[in-house]
Structure formats: structure tokens, C-alpha cells
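Below is one structure, written out as C-alpha cells; comments come after it.
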Amino acid sequence: MIIRNYNDYLCILKILQMSIELSDQEIQRREKLTRLRDLGINPYPAALYPVTDYSIEIKQDFQEGKEVCIAGRIMSQRDMGKASFAEIQDSKGRIQVYVNRDEICPGEDKTNYNTVFKKLIDLGDFLGIKGTVFKTQVGETSIKVSELTLLSKSLKPLPLPKTDAEGKVHDAFTDPEMRYRQRYADLVVNPQVKEIFMKRTKLFSAMRNFFNDAGYMEVETPILQAIAGGAAARPFMTHHNALDIPLYMRIANELYLKRLIVGGFDGVYEFSKNFRNEGMDRTHNPEFTAMEIYVSYKDYNWMMDFTEQLLEHCAKEVNGTADCTFGEHKISFKAPYKRITMRDSIIEFTGFDIKGKSEDELRAAAKGMGIDVDDTMGKGKLIDEIFGEKCEGNYIQPTFITDYPKEMSPLCKSHREDPELTERFELMVCGKEIANAYSELNDPIDQRERFEEQVRLAEKGDDEANGLIDQDFLRSLEYGMPPTSGLGIGMDRLIMFLTNNPAIQEVLFFPQMRPEKFNEQRGPELTENEKLVFDILAKEQSMDLNNLKEKAGLSNKQWDISIKGLTKHGIAKVQKTNTQLIIEII
RNA sequence: GAUUUGGUAGCUCAGCUGGUAGAGCAAUACACUUUUAAUGUAUGGGUCCUGGGUUCGAGCCCCAGCCAGAUCACCA
């Protein structure tokens with residue numbers, strides 16, 4: 001076909017469009033689909049496949065000659081003429097299979113081996129395997145295949161890390177961006193990633209079982225809230241059309257769980273997806289999971305005992321031991337944990353005693369320690385800054401920090417011995433907070449005053465203080481809430497410690513990422529410059545290159561890009577003669 | 001938000017002072033009936049993140065942007 005105008009070109013390109021966008025290997029795999037169908041093989045069959053066994057279990061419980069039926073992806077293939085070895089990966093691991101031509105093709109027709117298995121099956125395809133268990137000459141447990149079924153064809157090549165004899169991994173799939181964006185591929189090829197998420201699920205069930213055994217009830221509370229309370233953080237805002245009101249995604253579930261204690265439950269807990277519209281980094285994702293539990297007739301001392309029992313139990317369920325490694329640190333979740341008041345901790349690391357000090361004295365002291373302070377900071381905030389700067393990082397082993405200043409804890413009961421303090425603890429591990437608990441404030445009048453104080457702080461410019469008062473929550477307290485202790489645990493943080501991962505993205509299946517830009521389909525459109533060059537050339541069909549360049553009147557760079565574009569699309573071709581360069585339309 | 005490193009074949013990565021874009025694996029073809037990072041031979045495969053600029057000539061230099069990582073700041 002001679003291309004004479006732009007429309008001709010469009011026709012050709014539409015036909016070629018598919019092959020322009022797909023890689024070599026992707027095209028080959030699509031062609032194989034057709035060839036399989038031509039052989040009467042459905043690459044995506046509907047029928048169930050009667051799996052009887054799993055890879056790891058066959059290897060662990062070796063039984064010579066056992067008939068098995070497994071299914072999974074083919075992850076490696078070693079053809080040796082009339083016999084081949086391959087590895088099948090199922091949900092539990094991998095096992096080698098031995099495919100012998102005459103075993104799977106007992107008759108004259110060897111198509112199933114020569115064509116289907118050796119040519120049309122690709123790495124990543126799902127296969128069903130029937131066969132018998134045996135050991136090869138080198139002692140590897142394998143399955144001698146008697147029947148091989150294609151269960152699903154893979155059209156896109158997977159990354160292919162390989163492990164050598166020394167256990168060294170080659171070509172590892174490690175790029176975090178690709179791993180997070182294509183977690184499915186990450187999970188297929190990186191078994192250690194799968195392990196993290198299995199541990200994550202174990203942690204949740206361990207905690208759930210611990211609470212259920214203690215007689216507490218798992219509940220669900222609203223995620224869409226008219227007032228996002230229970231913490232100081234910027235919420236995500238949305239809008240309800242029918243009610244025509246703004247709604248917020250919850251930043252905590254505390255106030256709702258306490259309403260349930262008012263309602264008469266002894267103990268309630270919830271694994272709560274919370275949403276905070278703040279910065280993202282290796283320890284913060286916009287949505288994260290907290291666990292909060294409230295138990296009536298208890299105080300924060302009881303809760304400390306409960307927490308250390310809980311965490312020891314969880315660590316053992318997840319890792320089989322209370323000890324774990326986090327980066328350079330060895331930590332032990334075995335109870336009991338060290339307990340120290342915030343005042344003593346600050347004395348220990350700075351020599352400064354915060355007791356009875358005024359706001360100005362605290363500000364001066366903080367300044368003296370080289371801490372950035374400003375006028376919007378109240379007493380609580382100042383103490384928090386001092387603690388965060390000078391003390392927090394020193395607690396590697398699990399340590400309860402107790403008795404926080406009142407200003408920092410608007411939902412916590414005043415300390416029974418010192419009205420400046422609250423009955424609160426945080427649990428620090430490796431210098432990070434993983435749990436936070438109170439003897440909950442149940443005096444409705446005190447609570448109202450604390451909220452009002454928060455409003456004043458918000459007006460003063462402390463952007464973490466909450467500016468709205470949850471009147472309904474106060475009303476519930478007025479009916480009376482029993483003495484109650486509450487605990488919150490950052491589940492993502494905890495699983496980071498239990499799996500030795502410094503990044504929250506590693507313990508979330510799908511961490512938040514900026515949306516990926518999929519290449520806009522490079523349609524048959526030519527760029528303006530390409531059209532310009534094409535039009536000049538089309539009149540002549542063949543021209544001297546320099547002559548064409550001059551007529552186009554483009555800058556060197558733009559000329560270069562345009563002509564490369566045209567040759568790449570296969571509409572123009574440059575030919576060398578002895579004396580000159582000729583460009584012609586194909 | 002600041003600093004910094006990176007983006008090259010399906011994957012992992014080289015690429016010299018700026019001069020026709022490379023390797024291993026994967027793919028394609030052939031050989032090989034107990035291999036295991038199988039092996040041997042041959043072949044194909046590229047929007048060098050995007051857009052400008054400098055230059056006779058840019059993967060490389062300059063400017064702007066996109067995406068990600070790391071460090072720091074922020075974060076009850």
C-alpha cells in the first residue's frame with residue numbers, strides 16, 4: 001500500500017496500534033492464546049480443578065508414589081529434550097514437577113508435550129498437575145506428571161528473581177515504587193512479602209482472641225462522622241448529598257466506644273480504620289489501623305498489666321517468641337515492662353523537674369535545652385516537646401511512660417494524687433509510641449471544661465487542638481459512665497516492630513501512592529511537526545534530506561524528533577547514497 | 001516542606017571526555033529423557049521518565065516538570 005495522505009496512514013496505524021503499545025513478549029503471549037484455541041484448548045477454562053495437595057506439605061510429608069493433584073503458577077522451566085523440569089508455585093510454596101514426554105503423551109500424538117507444554121506454556125501460567133510423588137537422582141522431591149491442564153494463561157511476564165545454590169537472589173524485584181504499585185506481582189515473586197502479611201493477619205486474630213477470651217465484645221462504630229473527635233488531627237472532609245451536610249472521615253473512634261460503655265457494655269473494642277489528612281512518610285499513611293478497647297470498672301494501672309500480657313501473647317502468636325529484632329535493636333515483649341512517670345523521665349535525661357513550674361518557666365527551660373518553642377504552646381505542649389526531644393528516643397525496650405500533664409490529655413481523668421497530671425500512659429518501643437491509654441474521664445462537667453480549653457487553644461493557633469465540641473458525647477457522659485480504662489494501639493506500628501520493617505508501606509498491602517499515569521494511548525496522531533514534514537514529503541514522495549529539513553524550517557532538535565518519529569512509525573525512510581541522504585515515503 | 005539519590009530492553013543493571021545503545025536472566029529457533037541460577041548454538045527485542053535548550057551531534061551537559069527512594073522537618 002502506498003501512503004499518499006494522512007488518511008492512508010491512519011488506516012495502517014490502526015492495524016498496527018496494538019503492536020506499537022505492547023512489548024515483544026506480550027504480543028507473543030497473545031499469539032499463543034490463538035494457537036492454544038486452534039488446538040482446542042481453552043486458556044481460561046471454567047470448571048473447578050480438584051486440588052488435593054499443597055507443595056510444601058508434599059515435601060514435608062514425603063510419600064513415594066503418592067497420587068497428588070496440585071495447581072499453581074509455573075515459575076521456572078528446564079527443558080531437556082524429551083523430558084523437562086518445572087517449578088509450580090501454589091499458595092504455600094513451590095514444588096518441582098517432572099514432565100516426561102511419553103508419560104503425558106502415551107500415544108503417537110506428542111503435541112501435548114512438544115507444542116503445548118514446551119512452546120505455548122509461559123512462566124506465570126496457572127497449571128493443574130496430576131501425578132505421583134518421587135525423588136529425583138539428586139534427591140529433590142518432585143511430582144512425575146501424568147496429566148497437565150492449563151488453568152489460566154498469563155499475558156504479562158512477571159519479574160523473575162532467581163535463587164542460586166548458595167541462596168543468593170539474583171534479579172530481585174526490589175524497586176519499592178513498582179512493588180507497592182503492583183503489589184500483586186510483589187506477592188507472587190517475593191515470598192518474604194507474603195510472610196509479612198500473613199503475620200499481620202495472625203496479629204489481628206491473636207489480639208481478637210485475647211479480647212474475646214477476656215469476655216469483651218468486638219463492635220463497629222461510624223466512620224463517617226459529623227464531628228471528627230477523639231484526637232487532634234486534620235480530618236478528610238466529604239459531603240452527604242441527601243442530608244446536604246459536611247461529613248468527616250473519622251480520625252479516632254474513642255468517643256463512640258465510650259458511648260457504648262455508657263450504654264452498659266463491660267468491654268468493647270474495635271479495629272478502626274482511621275483517616276488523617278496530614279503528611280505522608282515512611283511511618284505515616286493517610287489511612288491506618290488503630291485498635292481501641294474500653295473496659296469498665298478498671299483504671300490505667302490495670303490496663304498496663306493487661307497491655308503487657310496482651311503484647312506478650314501477640315508477639316508469641318505471630319513470631320513464636322516474645323523476642324524480636326527491629327533494625328539494630330533486640331527487643332523483648334515479655335511482661336512486665338518498665339514503668340516511669342513522665343516527670344521522672346525528664347528529670348533523668350535533663351535534670352529538670354517539671355513539677356509546679358509555670359508556663360513561662362517551662363518555656364525558658366525548653367529554650368535552654370535548645371528546643372524550638374513559640375507562644376502558642378501551652379504547658380502541656382511544652383512538656384511534650386521536652387519529652388519528645390530529650391527522652392522519648394531513649395526507650396528501646398517496651399516502657400510505660402505514665403502521668404502526662406493535663407493540657408495534653410483532654411479526655412483523660414485527673415490524677416488521683418496530683419491534679420496537674422492525668423492518669424495516662426503511653427507505651428514506647430524503640431523510641432516510638434505504640435500504645436496510649438487512660439483512666440477515662442467520666443466527669444461530664446470536667447469534660448466540658450476540657451473541651452472548652454481545647455477550643456481556646458485552637459483559637460490561640462494550636463492547629464492540633466480540636467475546635468468543635470461534641471455535645472452529644474457530653475450528653476452521654478451526663479447519663480453517667482462507669483469508671484473505665486481505655487487503650488489504643490497503632491496496629492501498623494506494632495506489626496512493623498513484629499516483622500522488622502522500618503516503613504509502614506511494607507506492612508500495608510496497598511499504601512497510598514500518587515495515582516499512576518498510564519501512558520495515554522499513543523493513537524495514530526502525528527504531532528504538528530511530524531504532519532508538517534509529512535505534508536512536504538508527501539508531495540514529492542522522495543526528497544533530499546537537507547532540502548526537506550530546510551523547507552520544514554524547524555529547529556535542529558524539533559527536526560530531529562519529527563524525522564525520528566516518522567521513521568519510527570514506518571512511514572518514512574532515510575537512504576544513504578554515496579553523495580547524499582535521500583528520504584522517501586514507504 | 002527542605003536536601004539528596006535515582007528513572008536505560010519484560011526483570012536486574014552497565015554505559016568512558018558528548019560521537020551508530022550493552023550484559024545477564026526472560027523471549028524466539030534448534031539440540032538434549034532425573035535437571036535445578038540446567039547446558040550449548042543462533043536470533044529478535046529500546047519513547048534511554050516528559051518537555052524545552054546548548055551543540056554538527058545529547059542516555060550523558062543546562063533549564064523546567066513528573067514519579068519514587070533516603071535523610072531531615074512536621075506529626076498525641
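Residue numbering restarts at 1 for every chain, and letters A, B, ... go by the order of the sequence lines.
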[X] [atom1] to [N] [atom2]: how many Å, rounded?
X: A:I504; N: B:rG69; atom1: CD1; atom2: P; answer: 13 Å
X: A:E392; N: B:rC74; atom1: CD; atom2: C1'; answer: 14 Å
X: A:R450; N: B:rA76; atom1: CZ; atom2: P; answer: 18 Å
X: A:E385; N: B:rC74; atom1: CD; atom2: P; answer: 7 Å
X: A:E506; N: B:rA68; atom1: CD; atom2: P; answer: 15 Å
X: A:R282; N: B:rA68; atom1: CZ; atom2: P; answer: 17 Å
X: A:F173; N: B:rA26; atom1: CZ; atom2: P; answer: 18 Å
X: A:D175; N: B:rC13; atom1: CG; atom2: C1'; answer: 12 Å

Discussion item. Let's go through A:Y256 and A:Q225 carefully: what are the C-alpha distance in whole Å and the side-chain angles of both, what is the deciding distance for side-chain hydrogen bond (donor to acceptor under 3.5 Å, both in side chains) to 0.1 Å, and is it a yes or a no?
Written reply: CA-CA 10 Å; A:Y256 282 93; A:Q225 304 180 348; 5.0 Å; no
Applying a 3.5 Å limit to both distances, which nucleotide forms a Watson-Crick or G-U wobble pair with [N]?
N: B:rA14; result: none
N: B:rA64; result: B:rU50
N: B:rU43; result: B:rA27

Touch class at under 4.0 angstrom, heavy-atom based, for [X] against every strand present:
X: A:V138; result: base
X: A:E87; result: nothing
X: A:Y404; result: nothing

Worksheet item: In terms of ring plane angle, is the pair A:F275 and A:F236 parallel, tilted or perpendicular, where the classes change at 30° and 60°?
Response: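 The rings of A:F275 and A:F236 stand perpendicular, inter-plane angle above 60°.
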Worksheet item: Can you name the residues that form a ring pair (Phe, Tyr, Trp, His ring centres under 6.0 Å) with A:Y300, not counting sequence neighbours?
Response: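 Counting only residues at least two positions away or on another chain, A:Y300 forms no ring pair (Phe, Tyr, Trp, His ring centres under 6.0 Å).
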Discussion item. My understanding is that only residues two or more places apart in sequence, or in another chain, count here; which of them pass ring pair (Phe, Tyr, Trp, His ring centres under 6.0 Å) with A:F173?
Written reply: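 Checked A:F173 against ring pair (Phe, Tyr, Trp, His ring centres under 6.0 Å); zero matches.
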Can you tabulate the close N/O pairs, meaning under 3.5 Å, that link protein atoms to atoms of nucleotides 22-24 of chain B?
{"from": "B:rG24", "atom 1": "N2", "to": "A:D171", "atom 2": "OD1", "distance (Å)": "3.1"}
{"from": "B:rG24", "atom 1": "N2", "to": "A:D171", "atom 2": "OD2", "distance (Å)": "3.2"}

Discussion item. Counting neighbours of CG on A:D164 that are heavy atoms of other residues, nucleotides or ligands and sit closer than 6.0 Å, is the number greater than 12?
Written reply: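 More than 12 within 6.0 Å, yes.
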Worksheet entry | For A:N190 against A:P161, the heavy-atom pair lying closest together |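 Scanning both residues completely, I find the closest heavy atoms to be OD1-CG, 4.4 Å.
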Discussion item. If the threshold is 4.0 Å, N to carboxylate O, is there a salt bridge linking A:E420 and A:R343?
Written reply: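 Salt bridge flag = no for A:R343 with A:E420.
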Worksheet item: Is A:K153 paired with A:D125 through a side-chain N to carboxylate O contact shorter than 4.0 Å?
Response: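 Looking at A:D125 and A:K153, the cut-off is met.
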So which protein nitrogen or oxygen atoms get under 3.5 Å of nucleotides 3-8 of chain B's nitrogens or oxygens?
none

Worksheet item: What string of B, S and - do you get for nucleotides 27-33 of chain B 5' to 3' if you count protein non-hydrogen atoms under 4.0 Å?
Response: SSSS-BB
For [N], take OP1 and OP2 only and decide whether either is under 4.0 Å from a side-chain N or O of [X].
X: A:K381; N: B:rA76; answer: yes
X: A:K162; N: B:rA26; answer: yes
X: A:R78; N: B:rA38; answer: yes
X: A:K135; N: B:rU35; answer: no

Fill in: Rounded distance in Å between the C1' positions of B:rG18 and B:rG59
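B:rG18 and B:rG59 have their C1' atoms separated by 10 Å.
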Closest approach to the side chain of [X], judged atom by atom: which nucleotide of [options] is it?
X: A:M178; options: B:rU12, B:rA26, B:rC75; value: B:rU12
X: A:P176; options: B:rG69, B:rC75, B:rU35; value: B:rG69
X: A:P157; options: B:rA76, B:rG10, B:rC75; value: B:rG10

[X]: what forms a side chain to side chain contact (heavy atoms under 4.5 Å, CB included) with it, not counting sequence neighbours?
X: A:T399; value: A:K338, A:I340, A:Y395, A:I401
X: A:T174; value: A:A172
X: A:M496; value: A:T283, A:I504, A:V507

Could you list the donor-acceptor pairs under 3.5 angstrom formed between side-chain atoms of residues 428-438 of chain A and any protein atom two or more places apart in sequence or on another chain?
{"from": "A:N436", "atom 1": "OD1", "to": "A:R424", "atom 2": "NE", "distance (Å)": "3.1"}

Practice prompt. May I ask you to check if A:K144 and A:F134 form a cation-pi contact, with NZ or CZ under 6.0 angstrom from the six-membered ring centre and within 45° of the axis?
Written response: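 Ring-cation test returns yes.
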Worksheet entry | Strand-adjacent residues in residues 424-432 of chain A, judged by heavy atoms under 4.0 Å from RNA chain B |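 Here the set is empty: none.
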Discussion item. Checking A:E31 now: which residues fulfil salt bridge (Lys or Arg N to Asp or Glu O under 4.0 Å) with it, not counting sequence neighbours?
Written reply: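 For A:E31, no residue satisfies salt bridge (Lys or Arg N to Asp or Glu O under 4.0 Å) once neighbours in sequence are set aside.
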Discussion item. List the residues meeting salt bridge (Lys or Arg N to Asp or Glu O under 4.0 Å) with A:K110, not counting sequence neighbours, and say none if there are none.
Written reply: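 Partners of A:K110 under the salt bridge (Lys or Arg N to Asp or Glu O under 4.0 Å) test: A:D102.
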